[in-house]
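What follows is a single structure, written as structure tokens, with notes after it.
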Amino acid sequence: MQRNDAHPKAAKGTRAAGVVLGAMLVVAVAPMMSTARTPLVADASPAAAVADSARWVNPHIGTKPGGPDFGTGGGAGNTFPGAVVPFGMVQWSPDTATHQPGGYFYDDNRIKGFSLTHLSGPGCSTFQDIPFMPVVGDVPTAPAADPARYISTFSHANEKLSPGYYGVTLDNGANVELTTTQHTGSGRFTYPAGKIATLLVNTSGSIMGTDDAQTTIGRDTISGWAVSGRFCGAGHRYRVHFQAKFDRPFASIGTWKDSAVTPGVSAATGGSPAKINATALLAKTAQAAAERGVVGPQPAQALDTIAAGPGTGAFVTFDNLMSQTVNVQVGLSFVSLAGAAANLVAENTGRTFDEVAAAARAEWNKRLSTIKIQGGSDAERTTFYTALYHSLLHPNVISDADGRYLGFDGRVHVAPEGRRQFSNLSGWDIYRSESQLIGLLAPQEASDIARSMADFAEQGGSWDRWSVTNGYTGVMNGDPYHIIVSNMHAFGARDFDAAKALQLMVRGATQPTRGYEERPGLDDYQRLGYVAPGAPGVWGSAATTLEYTSADFAISQLAGRIGDAATHDTFAKRAQYWRNLFNPSSGYLQPRNRDGSFTDPYDPASGNDWVEGNGAQYTWMVPYNGQGLIAAMGGNDKVRQRLDFFFTKLNAGTKEPYAFLGNEPTLQTPYLYDYAGAPYKTQQVVRRAVNELYGPGPDGIAGNDDLGELSSWYVWSAMGMYPMIPGRAELVLASPLFERITIDRPSGQRIEINAPGAAKDTQYVSGLKVNGGGSTRAWLPESFVSTGGTLDYTLSSTPDTAWGANPADVPPSF
């Protein structure tokens, strides 16, 4: 995803200034890492691999550029390697001195802190809140003014990581181990014997800076909050609260503010030089925050020392003569300090570090084992299960353990009993294949995600495009949340009020919204049937038109599923507005002026009026009416020739008329050969992309993973299928990479895929049985997803040009 700095959607290639100091060290790492000091190491036998899918996950994948930087946020996956559970609120992970939006750059050997919140794969930065950093020594200067002093080098050889666990021995002598629950983290810090054991808590260390912050140090606790935001240049803000409980009292305490350090005295004795002025400081901070329009700090309890405002943080030391290891449990909340403390009590009280780590791994194994694979190489299994892992990191729970969450109206709400509220939704990205994968594998979470999105639309008055925590960012273009909700419903997420969601969708798609504008250019779109260049607030008029048509098609499908025929018909007709951009003279979808003329001269390789792509790439973006597009272009023969040229390059970026499969707008294009009577070419190009653009090492993702979207494309494509059509559950076919794949859905349905001999270079389908009956269709009906079934492939290393080539076998178009 790219964001444009001149627009509220800031360019994702523009990165926040990070500390870049010293030389970088590149160290090779084995694809798989095991944990240290925890009973989590798996047996390497094939039988154990079935029971312990987590052993195949390499969280380093995506932390190093796997392709060129085309100005869409860099060629790295922008993932993070730290500890997290599926959809968890807490992502406790290391942050390197060299900045990456995910927080961690593999080629840098310097860690500046271990922060509690991260996004995996974004093109812009946010979060990386409340970094903890163990220091061996004292704190003579303020970390806010002298950050380089407190950075430690490390070696990848000294990292140990696996799903739900991260560990590293820093070159400063401290050992760090991290694990998480849904709302909390557990940390275990081990210091060298006889050395000063110090821990920094940089409350104002959020990667995009803080507008306000507060830290309170108690006898054996540190708590506080930070206000940050500015994702991709948006005006969005969030407040994150934390409560940290240590397993012993502090030996000494201190705070910093900008360049000033204020050491304290032993917290265990209750003394503190700041205590006298604490009440006045709280009042002063609250007043200043109110003047900035920020909710002021909450009263501190059992106050010993407090630091308030941007540029502040706390440090504590421990007596390590008796024990070198310090344990801490941290609760997080986007609602309140009380919520953070309550989350800690609910999930992480009386549990050892090892127990939490083992539970986190068990949760990952439960999720990952919904898809079991046999065959393939170790590298392919690592790539597959890491892609599945990345697909299940986001969206994230933002409600507390008691259901409380801050809504898009700025008020505290309570999720229905037994349900959770979700956010961190990269809508423009994940509607293409990740939302469908979540619907398939985690229908309850998908239902809660869909309900959450509708709740936010009701609270705030419109649907967002890319939400972070509890507010609008407006990043990217189109109206993707409608597609996500309809996708999830089609793939089995039915435990939400679909009729209410549809009502809110129709409102947003037909009426201008106040405040946050859901559909810029809506007047053009409804009056002209397309969005013209120069429409106020529009980024990429032609791209926006196509995004709106896909959203309208998804609305029509949800309406049809719940029996609203009138809405279905209205939006199905609007979905065909793509035809208004088709120029018969050029054979391309083109930007169109308000007077009806097409832009001239026209260069298909130009990105003008497109978003993160060009005209040659967006011309194929009619995912629900492939046959209609092919007919408009002159038929199968011409389209196959055009696709052959298009796939001369797989990852060409935005300035050449070829595929850009390291980014979202062309992800569906390899499957268009199925519609043009040449499924063997879909099988060929998909396998090229699977083999060439993904891999088991740190550089194993060729573009931003965008909260799991590229990873989800890999998961689907390695299984030999793709959810092509927005708001529907047909699957368009390629060929499976593995000899046997079993998908066990939580609702009880099973999908079995058998492909004897499947391998890296054995990708051509010469025969297929669906539930025992022969089939030459290059697609599966929706009923296959809803009821399950068995696919038996016959594969070859040479193309079979006849299979699936009959016009009766092409996937459906609408």
Side-chain angles (χ1 to χ4, degrees), residues 1-5 7-12 72-73 119 121-124 126 229-236 238 394-396 408 422-432 434-435 449-450 452-488 501 504-505 507-509 511-522 525 531 535-555 610-613 621 663-665 704 706-709 726-727:
M1 304 170 303
Q2 176 181 338
R3 331 296 184 201
N4 187 337
D5 276 329
H7 193 277
K9 314 164 186 69
K12 75 175 178 180
T72 57
L119 292 181
C124 296
T126 193
R230 287 177 286 275
F231 179 63
C232 289
H236 163 261
Y238 63 86
H394 305 290
N396 302 109
F408 272 40
F422 285 80
S423 189
N424 301 338
L425 288 146
S426 52
W428 187 86
D429 307 289
I430 69 170
Y431 83 74
R432 301 168 200 267
E434 186 178 3
S435 58
I449 291 165
S452 298
M453 298 167 81
D455 287 345
F456 293 151
E458 183 175 34
Q459 294 159 6
S462 54
W463 299 77
D464 198 1
R465 289 183 281 278
W466 215 118
S467 302
V468 176
T469 61
N470 44 43
Y472 295 98
T473 72
V475 168
M476 302 310 292
N477 68 321
D479 206 0
Y481 282 13
H482 302 333
I483 308 176
I484 294 172
V485 171
S486 189
N487 285 343
M488 290 179 163
L504 293 167
M505 288 178 181
R507 183 185 71 181
Q511 301 174 24
T513 54
R514 296 181 179 180
Y516 172 78
E517 189 174 13
E518 181 177 329
R519 285 203 180 189
L522 179 62
Y525 184 73
V531 180
V538 172
W539 181 24
S541 62
T544 296
T545 299
L546 296 179
E547 293 284 355
Y548 289 168
T549 61
S550 284
D552 284 350
F553 182 80
I555 292 172
W610 305 104
V611 174
E612 292 200 7
M621 200 178 123
N663 205 24
E664 280 74 18
N704 302 155
D706 288 323
L707 279 67
E709 171 52 33

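Keep in mind that this is a model prediction, so the values were computed, not measured.
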Can you tell me how far the [atom1] atom of [X] sits from the [atom2] atom of [Y], to the nearest 0.5 Å?
{"X": "Met453", "Y": "Ser423", "atom1": "CE", "atom2": "OG", "result": "9.0 Å"}
{"X": "Ser462", "Y": "Tyr481", "atom1": "OG", "atom2": "OH", "result": "10.5 Å"}
{"X": "Phe553", "Y": "His482", "atom1": "CZ", "atom2": "NE2", "result": "15.0 Å"}

Handout entry: Leu707 and Asp429: CA distance, side-chain angles, deciding distance, side-chain contact (heavy atoms from CB on, under 4.5 Å) verdict
Key = CA-CA 8 Å; Leu707 279 67; Asp429 307 289; over 6 Å; no

Going by heavy atoms in the side chains, are [X] and [Y] under 4.5 Å from each other?
{"X": "Trp466", "Y": "Phe231", "result": "yes"}
{"X": "Trp539", "Y": "Thr544", "result": "no"}
{"X": "Leu119", "Y": "Asn424", "result": "yes"}

Problem - Residue pair Glu517 / Tyr472, side-chain donor-acceptor N/O under 3.5 Å - result: no

Practice task
Classify the side-chain pair His394/Glu709 by whether it contains a donor and acceptor separated by less than 3.5 Å.
Solution key: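 Short answer, no.
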
Exercise for the section: Check each of Ile483, Asn477, Asp706 against Trp428 using the side chain to side chain contact (heavy atoms under 4.5 Å, CB included) test, and report the only one that passes. Expected result: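 It is Asn477, the one option of Ile483, Asn477, Asp706 that forms the side chain to side chain contact (heavy atoms under 4.5 Å, CB included) with Trp428.
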
Handout entry: With Ile430, the side chain to side chain contact (heavy atoms under 4.5 Å, CB included) member among Ile449, Asn487, Ile484
Key = Ile484

Problem - Under-4.0 Å salt bridge between Asp552 and Arg519 - result: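 A salt bridge links Asp552 with Arg519.
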
On a heavy-atom basis, which atom in [X] and which in [Y] lie closest, and how many Å separate them?
{"X": "Leu522", "Y": "Ala509", "value": "CD1-O, 3.3 Å"}
{"X": "Glu518", "Y": "Arg465", "value": "O-NH1, 2.8 Å"}
{"X": "Ser452", "Y": "Phe422", "value": "OG-N, 3.0 Å"}
{"X": "Ser467", "Y": "Phe408", "value": "OG-CZ, 3.6 Å"}
{"X": "Ala501", "Y": "Ala454", "value": "CB-CB, 4.2 Å"}
{"X": "Ser486", "Y": "Gly727", "value": "OG-CA, 3.3 Å"}

Handout entry: Trace of the side-chain contact (heavy atoms from CB on, under 4.5 Å) decision for Glu547 with Met621
Key = CA-CA 9 Å; Glu547 293 284 355; Met621 200 178 123; 3.6 Å; yes

Practice task
Going by the side chain to side chain donor-acceptor pair (under 3.5 Å) test, name the single residue among Thr473, Thr469, Thr126, Asp464 that passes it with His236.
Solution key: Thr469

Problem - Near-ring test Phe456/Trp463, centroid separation under 6.0 angstrom - result: no

